[in-house]
There are 2 protein chains.
Amino acid sequence: MESHGKNHQKDLDDDLSLKPITLSKYSNRVELKTLLERSDRGAGLVGKKVVIGGWVKSSRAVKKDSPPPPPVVVVPSPSSGGDQSHTTANIRCTEIIQSKMSIFRRFFDVLSGGGKTYPIFDKTELSGQKAAPPPEYVFYFLISDGSSVSSLQVVVDSALSTVPATQLMALGTCIVAEGVLRLPLAASAKHVIELEAEKLLHVGTVDPEKYPLSKKQLPLHMLRDYSHFRPRTTTVGSVTRVHSALTLASHTFLQYHGFQYVQVPVITTTGFGEMFRVTTLLGKTDNKEEKKPAKEKDGFSIDTVKAAIKEKTRLIDHLKRSDSNREAVVAAVYDLKKTNDLASQLEMKQKSKPGTLVKSEKLDFSKDFFGRDTYLTSSGRFHLESYASALGKVYTFGPRFVADKIDNARHLAEMWNVETEMAFTELDDAMDCADEYFKFLCKYILENRHEDMKFISKRVDKTITTRLEATASSSLLRFSYTEAISLLQKATTRKFETKPEWGVALTTEHLSYLTDEIYKGPVIIHSYPRLAKPFYVRLNDDKKTVAAFDLVVPKVGVVITGSQNEERFELLDARIGEFGIAREKFEWYLDLRRHGTVKQSGISLSMEHMLLFATGLPDIKDAIPFPRSWGNANN
Amino acid sequence: MESHGKNHQKDLDDDLSLKPITLSKYSNRVELKTLLERSDRGAGLVGKKVVIGGWVKSSRAVKKDSPPPPPVVVVPSPSSGGDQSHTTANIRCTEIIQSKMSIFRRFFDVLSGGGKTYPIFDKTELSGQKAAPPPEYVFYFLISDGSSVSSLQVVVDSALSTVPATQLMALGTCIVAEGVLRLPLAASAKHVIELEAEKLLHVGTVDPEKYPLSKKQLPLHMLRDYSHFRPRTTTVGSVTRVHSALTLASHTFLQYHGFQYVQVPVITTTGFGEMFRVTTLLGKTDNKEEKKPAKEKDGFSIDTVKAAIKEKTRLIDHLKRSDSNREAVVAAVYDLKKTNDLASQLEMKQKSKPGTLVKSEKLDFSKDFFGRDTYLTSSGRFHLESYASALGKVYTFGPRFVADKIDNARHLAEMWNVETEMAFTELDDAMDCADEYFKFLCKYILENRHEDMKFISKRVDKTITTRLEATASSSLLRFSYTEAISLLQKATTRKFETKPEWGVALTTEHLSYLTDEIYKGPVIIHSYPRLAKPFYVRLNDDKKTVAAFDLVVPKVGVVITGSQNEERFELLDARIGEFGIAREKFEWYLDLRRHGTVKQSGISLSMEHMLLFATGLPDIKDAIPFPRSWGNANN
């Protein structure tokens, strides 16, 4: 128990050995978290019989009656983003069975990710065929069930399995085992308990030739091609648990402070900017006749791809300049390479294939499903306002869509936002709300996802927990856009692509300079020029600026935007004209000013950007399970 | 205090007068809930100065130095669904000012919903014009801010207002007032405190000629045309707060039991059945040139409208037979009338206008935004499974879309579901989960939305709280589809449109017979015929049935569906073939069976159907703020 010194007091306080083991709710197994995240790390459970289930993170075979193998390190050393790496440097079996048949070497190379230290068996020895009685082995598995970052060592006698050993041992195999918890036999083991299996209740094999995670240590950007498998890596598992915590924390924080949840629609007739159309007029491509999903992206104009290349090059420069970790730079370079490839393909193909776009004029949208044009919503705040004008404080959480042809590390076509609207409030109130909500989230994950954050700080970003702690306990600096511009203008040694002059929108490099270099932390910038923010933002008395703000954080950029909305009918009406927006679409919104108008303000938090800040991940495509971006929607 | 006898003990326990008044978070006002939902109903706050804000629910004017008017009843009598009816039967001002100018009569008729007892002023008397000094009045307002079902009486001296009295008094006017809390002057008042205003800080007027809620007592089905205003009615306000509570209860229940929230995508390439296409190929209809939203629905075939009429007629029959309240029947009849009108229009127009549909063959979807066909998701469970196969127990909450041309009281094109997937579980586990989750929701709203449920039971459904209490405390009966069929066959006196024979899908009337008439409560029906449930459901050993279930409740129908999913690759593959579904779209899903497959099951709760059950509302269009259904998407 020496290795867990800081838990001693807690150990004394509650006699854990008396506590029964809680079954996983709705399942006849015990979650590993229940065993491994006790303050005694399971010591009090020795001798108990349990059923556990999980997936193989690493495996070793040792001939029976050999001494037990040395311990495995449960939390792997910090290296790359992707993993399955519990085995990496720690496979030093006492008895490495040498390869006897070279025909299997390739197979095992795949299985073990090309490592040379993996045990190799003779086919007849371990395949479970009846021809010859197989020699007896003891398998040591590290099993993870995703309930926590920790894995359990499971010891299985080869006699228990009818599945060939090579299959049983493959990374990713699903195993459900009944057995008895015991102290590890190896004196030097770092883990406190392990399971001696008595029965294998289920084995779900993998085909290592085809299973992408068989190649260990895949970096995050390569894992993106396997979004349905990547939660099986420790890093993505931890990120998902943090994401989950942020979601619960959001609902809890807002409802605690009197906000009512309101279900705003995804399909809408209201909005502006680039939007996705929702239609049934084109029918569904018939399943049976469907062509293979088009992998080629020749629908994109070369101009937009070139613009993307320019933006990505800029991002790489920025990442190199700032103190980003190597992983971020590697990912960005890989990303740029893919876009360059696309550009070459496009230039080749574009000449030979003429476009076959059908102009929308030919379609009669009054015959569409809803009898009119409908789109995917880009913001829930309009609809939310109508409920704020009745219930006071309301919020929602839903998907928001932008059809801009942008593909970079900060943008997705589908992102999920938490949005609030509050009647009887002004800009300062919205800034207070953003400030406290944001800090609550930081604090919440530090307190409630301690193990995952420890792992993420080792694997992704060493500074992440200190950064979150500093943010949670400090008060965020607030200054105006005008002050921001004058700060940027003072940076005479610094060359900005966009010259900081009053009236220009603040760019990524401006925001990065202010948060990464000047303030080294999150800030709130408010009172933007009237044309830099949407039409619904309230005009300030100076007539030049509007009551909007952004909460900007280092490395990521804007995490929360907010504004006081224009409650005066005439001014809102004029702003709609100023922006050249179709008034008809906003008649119902104007109605809210015609009848019982009230001062109101609200905020919008991008959950994916929040998750980037909370984890230090460099790319937004890793902050959502199934990213949708320009040219990418895989499942 | 006699009227609050049951609170006496609580009053003695805590000296509320010592408690400070809590300001609304992020606003310089006090929420009415804070004042009115204390156990002393505010008595301890007399003499305190506060700022409050809200919208006028009723108003009366009394000439100064007249005795104060008799009390108003804060919670109106049970009558129709819609409201704004605090004024309805209770306007018995001590001094009714008689109309002097007939020109204003129409105006006030609209203002007061045609009532004859409303005070009528002379224009010069109350319009605030400088011409003649206006006589002095005292206004009595009932103000609601949506924080609870209760309203506060606010007393305003006409001298405080620069806004003409007629405007100030209109229903729906927004008022922010500073004043002092006092005991009501009228001895017979039922309310404990009221606010004597000292300053009006903000007045947001309405235009009663155009404000739809000026007509009081609009029934729910007519309010649907004003979805942006209807939260201002007491009924929709209460329903929204119950909806909000169900949302928080869901997250809390699932996370407490170890489920991780996973963000599954809305845009997908995976799915089957009628789906909405997401595209940018057709562009956005240009804002400026856009025609007025097509109100006419001539895109719908007469056949589908006729089918809708048939279904609606059946619903009305059903409602009349069962013990539904009158409101439900009236709403259904109104709905049928609208559909009949549509049918007539269609028959007239259809001959003259040929369709102009463009066939999908002409479009090249490889040039679309994502480089392939993309749709709005109909279920999150596929994507969720990939996370269950790594994290164990996961859930999500998001919009699900079905493009079937159905328009009835139980179906929407966009509905929000809570979905779970649990690795290492079977059908029984999923049924346990559904059972406990469902009962938790019932219990939660009884305990946490007491005031709103009291109001809803008065206004919408008298039996609702007893029904919820019974459900929360009983255990749900479970029986198989086969047993259900034999029960239905025993009902020899009952004529079903679809004859109950083994193999047919259970229809609305079957489910209604079982839950409304036989069991008079929610039941779980499981083990359906293999073709009655989707391809991914696990085949039972009898090879005839599959491991699926439905949790069915009286009046509403299915609230939760669930299933154990087919974990065996060969069987899943065969089922995909059996259903004639494009295998390519489900390759990634099959991957989950190829690599580390595990027994898993999950459930899907329709939040809107749950809300119907929880409130007794008869139509799903009132269970979501902005309903999207065939031919309807208003904002």
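Below, chains carry the letters A, B, ... as their sequence lines are ordered, and counting in each starts from 1.
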Option that, when pairs with chain B are counted at under 4.5 Å, heavy atom only, ranks first among [options]:
options: A:E31, A:H243, A:R241; value: A:R241
options: A:G204, A:C174, A:A430, A:P231; value: A:P231
options: A:S386, A:S244, A:P627, A:A245; value: A:S244
options: A:I267, A:L592, A:T270; value: A:I267
options: A:E436, A:E426, A:K599, A:E567; value: A:E436

Counting heavy-atom pairs under 4.5 Å to chain A, which of [options] comes out on top?
options: B:K33, B:H383, B:H202; answer: B:H383
options: B:T269, B:I624, B:D432; answer: B:T269
options: B:T173, B:V51, B:V598; answer: B:V598
options: B:T205, B:T425, B:I175; answer: B:T205
options: B:V264, B:L246, B:T252, B:T247; answer: B:T247

Report yes if some heavy atom in the side chain of [X] is under 4.5 Å from a heavy atom in the side chain of [Y]; otherwise report no.
X: B:L376; Y: A:L376; value: yes
X: A:Y26; Y: B:D428; value: no
X: A:S27; Y: B:M422; value: no
X: B:L282; Y: A:L282; value: yes
X: B:K210; Y: A:H595; value: yes
X: A:V278; Y: B:R277; value: no
X: A:V266; Y: B:F401; value: yes

Check each atom of [X] against the heavy atoms of chain B and say whether the ones under 4.5 Å are side chain, backbone, both or neither.
X: A:T279; value: both
X: A:L254; value: neither
X: A:S601; value: neither
X: A:H251; value: both
X: A:V176; value: side chain
X: A:M275; value: both
X: A:S389; value: both
X: A:A423; value: both

Does the ring center of B:W55 lie less than 6.0 Å from the ring center of A:F424?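 Centroid distance B:W55-A:F424: below 6.0 Å, so yes.
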With ring centroids as reference points, do A:F370 and B:F276 lie under 6.0 angstrom apart?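 Yes: the rings meet the under 6.0 Å criterion.
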Got a donor-acceptor contact below 3.5 angstrom from the [X] side chain to the [Y] backbone?
X: A:T268; Y: B:N635; value: yes
X: B:Q263; Y: A:P625; value: no
X: A:H228; Y: B:Y387; value: no
X: A:E414; Y: B:P265; value: no
X: B:R594; Y: A:D207; value: no

NZ on B:K25 to CG on A:D429, rounded to 0.5 Å: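 Reported to 0.5 Å precision, the distance equals 11.0 Å.
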Measure the spacing between CH2 of A:W630 and OG1 of B:T280 and express it to the nearest 0.5 Å.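 Atom-to-atom, A:W630:CH2 and B:T280:OG1 are 10.5 Å apart.
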Might you work through the side chain to side chain contact (heavy atoms under 4.5 Å, CB included) test for B:L248 and A:Y261, ending with a clear yes or no? CA-CA 8 Å; B:L248 182 62; A:Y261 174 82; over 6 Å; no
Nearest heavy-atom neighbours spanning A:K393 and B:R29: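 Closest approach of A:K393 to B:R29, heavy atoms only: CG-NH2, 4.2 Å.
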Using side chain to side chain donor-acceptor pair (under 3.5 Å), reason through B:T240 and A:Q260 one step at a time and then give a plain yes or no. CA-CA 8 Å; B:T240 305; A:Q260 303 291 338; over 6 Å; no
B:F626 and A:W588 aromatic ring geometry - parallel, tilted or perpendicular at 30°/60° bounds: tilted
CG/A:N28: more than 12 non-hydrogen atoms of other groups inside 6.0 Å: no
